[in-house]
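As the structure is a computational prediction, the values presented were derived from the model and not from experiment. Residue numbers count from 1 along this sequence.
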Amino acid sequence: MYQNLEEHNRLVNKYLKIFFVVALYWCTSILTVFVNKHLLSSDAVNLGAPLFMSWYQCVVSTVICFCMSRLSRKYPSVFTFPEGNPLDIDTFRKLLPLSVLYTLMIGANNLSLSFVTVAFYYIGRSLTTVFSVVLTYVILRQRTSFKCLLCCGAIVIGFWLGVDQESLTTAFSWRGTIFGVLSSLALAMYSIQTKKALSYVNQEIWLLSYYNNLYSMLLFLPLIILNGELGTILAYPHFWAPWFWAAMTLSGFCGFAIGFVTALEIKVTSPLTHNISGTAKACAQTVIATQYYNDVRSAIWWTSNIVVLLASAAYTRVKQLEMVQQHQQRNAATLKA
């Protein structure tokens, strides 16, 4: 009896832990999008310098990682952070290509968000799965099943339907849509290259995040100048206002936190659950955005969102079943041997 009760309590605690971690991921991710959008194009802030904001987010993340690194050395029983030297020339040379992709991914993401509405943001960045399939074949020469290709086809249809419906509104922006597609491409390339890059940092995700943010902090500087944001920043009327830097720092903390809670959710659940959670979160984010900004959308526009969401979820499920089948086949082959 006591064993059953103990097992029941352990199961309840596990489910509660999963619930709170997933809820934390949802809240952090949605908050990050809304904070960034508020900084970029709200009437109160309207910074108009998305690459500068991206640079500052990298600065905040780098400072946090640096402090964690120092604290782990001084108080190893309280703080843990992997050992590493970001100023090592060999490490810099090996990770620079990934950091370029990381810079492109963050920069294009914030550029897209500065032009499009939060409601359309998910559709604008929905092609990551499609690009992942294409790049997996082009770079790794790995073929994808017909079922997965059908799911990708449905995502593309949902994307074009969403763009078509958004183009009928005054809020539509081709520049924002193109930057969203570019961000999706960069994310797909970044995901593929990350596995290789992790071998350079002893498979330490936080060390890779530390290096990426530090290197991207340097890479963003010439991009800020090339994008003409230096004059915008210098002429910004609230540049020395404490509330402005508080909002910028909050955005930086959100950017760092999303990386932490994403890794935490994958650790507590699984990559499959994280993908499903991300898909459901995108749906909730779209609904919240339409209500918060009083956006009235057509039935076809909502249909495009549903198509993308269901097709993305179906792709994740098909890949999971294929992985299980491959695992069973390998086990069977091992038993025969």
Side-chain angles (χ1 to χ4, degrees), residues 1-36 57 60-61 63-65 67-69 71-72 75-84 118 122 125 128-129 132 187 190-191 194-195 198 201-210 212-213 249-289 309-310 312-324 326-328:
M1 177 180 175
Y2 292 109
Q3 287 182 344
N4 291 336
L5 183 61
E6 185 179 344
E7 182 67 26
H8 173 74
N9 290 336
R10 188 160 50 244
L11 196 61
V12 169
N13 289 334
K14 181 182 178 181
Y15 286 148
L16 285 174
K17 183 179 181 180
I18 291 173
F19 171 78
F20 284 118
V21 168
V22 171
L24 180 63
Y25 167 74
W26 276 43
C27 292
T28 305
S29 181
I30 293 174
L31 177 64
T32 301
V33 172
F34 277 88
V35 167
N36 288 349
Q57 288 174 337
V60 172
S61 295
V63 171
I64 293 173
C65 289
C67 292
M68 288 293 293
S69 176
L71 288 170
S72 68
Y75 308 104
S77 59
V78 180
F79 299 96
T80 57
F81 197 87
E83 289 285 338
V118 176
Y122 175 67
R125 295 191 63 249
T128 303
T129 301
S132 296
L187 175 58
Y190 179 81
S191 300
T194 295
K195 187 174 182 179
L198 278 169
V201 292
N202 299 319
Q203 305 298 320
E204 295 287 355
I205 295 175
W206 287 117
L207 207 55
L208 184 64
S209 176
Y210 182 19
N212 266 335
N213 280 288
T249 303
L250 174 61
S251 174
F253 271 103
C254 286
F256 175 80
I258 192 64
F260 174 77
V261 296
T262 296
L264 181 64
E265 185 179 52
I266 293 173
K267 181 179 179 180
V268 172
T269 59
S270 68
L272 172 65
T273 304
H274 170 67
N275 289 336
I276 295 173
S277 172
T279 302
K281 187 274 305 181
C283 180
Q285 179 178 289
T286 301
V287 173
I288 292 170
L309 288 166
L310 291 180
S312 299
Y315 175 87
T316 303
R317 178 58 178 168
V318 169
K319 290 296 291 183
Q320 189 260 346
L321 291 174
E322 288 178 356
M323 288 173 64
V324 170
Q326 290 172 3
H327 179 70
Q328 291 174 345

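- Residues passing the side-chain hydrogen bond (donor to acceptor under 3.5 Å, both in side chains) test with S72, sequence neighbours excluded: none.
- A 6.0 Å sphere centred on CZ of F34 holds more than 12 heavy atoms belonging to other residues, nucleotides or ligands.
- A donor-acceptor distance shorter than 3.5 angstrom exists from the side chain of T32 to the backbone of T28, with no hydrogens or angles considered.
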Using the rule given for side chain to side chain contact (heavy atoms under 4.5 Å, CB included), can you reason through F81 versus L207, listing the C-alpha separation, both sets of side-chain angles and the distance that settles it, and then say yes or no? CA-CA 8 Å; F81 197 87; L207 207 55; 4.3 Å; yes
Before you tell me yes or no, could you show the steps for V118 and V33 under side chain to side chain contact (heavy atoms under 4.5 Å, CB included), namely the whole-Å CA-CA distance, both residues' side-chain angles and the distance that decides it to 0.1 Å? CA-CA 8 Å; V118 176; V33 172; 3.8 Å; yes
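- To the nearest 0.5 Å, the span separating CD1 on I258 from OG on S61 amounts to 11.5 Å.
- Taking the six-membered ring for Trp and the full ring otherwise, W26 and F19 have centroids separated by 6.0 Å or more.
- Using a 4.5 Å cut-off on side-chain heavy atoms (C-beta onward), V261 and V21 make no contact.
- S251 OG to L31 CG: the interatomic distance, rounded to the nearest 0.5 Å, is 9.0 Å.
- With 3.5 Å as the limit, one finds no donor-acceptor pair spanning the side chains of Q57 and N213.
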Go through it in stages, so that I can follow the logic: the residues are V201 and Y210, the test is side chain to side chain contact (heavy atoms under 4.5 Å, CB included), and I'd like the CA-CA distance, side-chain angles, deciding distance and then a yes or no. CA-CA 11 Å; V201 292; Y210 182 19; over 6 Å; no
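- With hydrogens and angles ignored, the 3.5 Å screen pairs a side-chain donor or acceptor of S132 with a backbone N or O of T128.
- Annotation: the span from L71 atom CG to T80 atom OG1 amounts to 11.0 Å, rounded to 0.5 Å.
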Apply side chain to side chain contact (heavy atoms under 4.5 Å, CB included) to residues F256 and V60 and explain how you reach the verdict. CA-CA 8 Å; F256 175 80; V60 172; 5.6 Å; no
